[in-house]
Amino acid sequence: MSTEKFTILQLGHPHLRLTARNVENIQSDNMQNFIDDLLHFVSEVNGMGIAAPQVDHSLRLFIMSSRPNIRYPHAPSMQPTVIINPEIISVAKKIEKDWEGCLSVPSIRALVPRHQSIRACYTSRTGEHVEATYSGFLARVFQHELDHLNGLVFTDRVEDNHDMMAEQEWLELISQR
């Protein structure tokens, strides 16, 4: 599968609202090739993450790929991580609002409430069971991408329309920090 064939589904596409199906055969050549292509693609589009449903593949799989960039200059750096069939085991009671955007909802940023810390489990691309704790920005990315697997986008979680703004205005706001 070539990354040139990937198209990011945009808000309004009905497939973004579907619940993705579990990944069954992680070690198949097709799945491993898809994962390689998705890893390359998220880097090409400079995303903090990307979920398979965003490229029209109904699979419970996403990539977390945090690193500082112009939109998130204080994002932590992490190796791109393949998350398969994820579940959140527990969440911190503390919820924080912070800014989010999405490749499927271009030009919009919003303050989204998320659990500040989560404990999650998932399967790695090698089939290993992983349990991990994420906090702050990485917890936010995990929750954002997991929402995609459940047919949600970040705007579904916005509490007040005044918490949304055009990306151009948001970039101006963060440049003043």
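In this text the structure is predicted, and so the values were computed from the model without any measurement.
Smallest separation of non-hydrogen atoms from Pro80 and Leu39: CB-CD2, 3.7 Å. Annotation for Leu149 and Arg60: closest pair O-NH1, 3.0 Å, computed over non-hydrogen atoms. When all heavy atoms are compared, the tightest approach of Pro68 to Pro73 is CB-O, 3.4 Å. Taking every heavy atom of both residues into account, Ser58 and Thr19 meet most closely at OG-O, 3.9 Å. Nearest heavy atoms, Met164 versus Ala110: CG-CB, 3.6 Å. Here the shortest heavy-atom pairing between Arg67 and Val42 reads NH2-O, 4.0 Å.
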Arg157 and Asp163: salt bridge (Lys or Arg N to Asp or Glu O under 4.0 Å), yes or no, with the steps? CA-CA 11 Å; Arg157 299 218 181 257; Asp163 286 343; over 6 Å; no
Intermediate values then yes/no, side chain to side chain contact (heavy atoms under 4.5 Å, CB included), Val130 and Tyr122: CA-CA 5 Å; Val130 178; Tyr122 61 90; 3.4 Å; yes
Trace of the side chain to side chain contact (heavy atoms under 4.5 Å, CB included) decision for Thr81 with Phe142: CA-CA 11 Å; Thr81 303; Phe142 191 102; over 6 Å; no
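Placement of Val158 and Val141 in two distinct hydrophobic clusters is found when ILVMFWY residues are connected by side-chain heavy-atom separations under 4.5 Å, directly or transitively. Taking hydrophobic clusters as Ile, Leu, Val, Met, Phe, Trp and Tyr residues chained together by side-chain heavy-atom distances below 4.5 Å, Leu9 does not share a cluster with Leu146. A continuous path of ILVMFWY side-chain contacts below 4.5 Å connects Phe137 to Ile83, so both sit in one hydrophobic cluster. Transitive grouping of hydrophobic side chains (ILVMFWY, heavy atoms separated by less than 4.5 Å) brings Tyr72 and Met165 into a common cluster. With hydrophobic clusters built from ILVMFWY side chains whose heavy atoms lie under 4.5 angstrom apart, Trp99 does not share a cluster with Val153.
For Asp160 (side chain) and His162 (main-chain N/O), a donor-acceptor pair under 3.5 Å exists by modelled atom type. No donor-acceptor distance shorter than 3.5 angstrom exists from the side chain of Glu128 to the backbone of Thr123, with no hydrogens or angles considered. Between the side chain of Asn85 and the backbone N or O of Val23 there is at least one donor-acceptor pair closer than 3.5 Å. Under a 3.5 Å cut-off, the side chain of Gln143 and the backbone N or O of His115 do form a donor-acceptor pair. A side-chain donor-acceptor contact under 3.5 Å links Gln54 to the backbone of Ala51. A donor-acceptor pair under 3.5 Å is formed between the side chain of Arg140 and the backbone N or O of Glu96. Not a single donor-acceptor pair under 3.5 Å links the side chain of Ser66 to the backbone N or O of Met78.
In Gln27, the CD atom is crowded: over 12 heavy atoms of neighbouring residues, nucleotides or ligands sit closer than 6.0 Å. A 6.0 Å sphere centred on CG of Asn25 holds more than 12 heavy atoms belonging to other residues, nucleotides or ligands.
Put simply, CG on Leu16 and CG on Asp56 are 8.5 Å apart, with the number rounded to the nearest 0.5 Å. Between the CG atom of Leu103 and the CD atom of Gln10 there is a distance of 8.5 Å, given to the nearest 0.5 Å. Distance CZ/Phe154 to NE2/His144: 7.0 Å, rounded to 0.5 Å. Atom CD1 of Ile63 and atom CD1 of Ile50 lie 8.5 Å apart (nearest 0.5 Å). How far CG of Leu11 is from OG of Ser107: 12.0 Å, rounded to the nearest 0.5 Å. Here the straight-line distance linking atom CD1 of Ile95 with atom CG of Asp98 works out to 13.5 Å at 0.5 Å rounding.
In this structure the side chain of Thr133 reaches within 4.5 angstrom of the side chain of Ser117, judged on heavy atoms. Cys121 is listed as a side-chain neighbour of His129, based on a closest heavy-atom distance under 4.5 Å.
One side chain, Glu172 or Gln176, offers a donor N or O that lies under 3.5 Å from an acceptor on the other.
Note: His148 and Phe62 fail the aromatic proximity criterion, with ring centroids not under 6.0 Å apart.
In summary, of the residues considered (Glu24, Met31, Gln32), a side-chain contact (heavy atoms from CB on, under 4.5 Å) with Ser28 occurs for Met31 alone.
Each salt bridge (charged side-chain N to carboxylate O under 4.0 Å, His left out) pair with one or both residues in residues 106-126, not counting sequence neighbours, appears once here: Asp36-Arg125, Glu100-Arg114, Arg109-Glu167, Arg114-Asp147, Arg119-Glu131.
Phe41 and Phe6 have perpendicular rings, their planes meeting at more than 60° on a 0 to 90° scale where under 30° would count as parallel.
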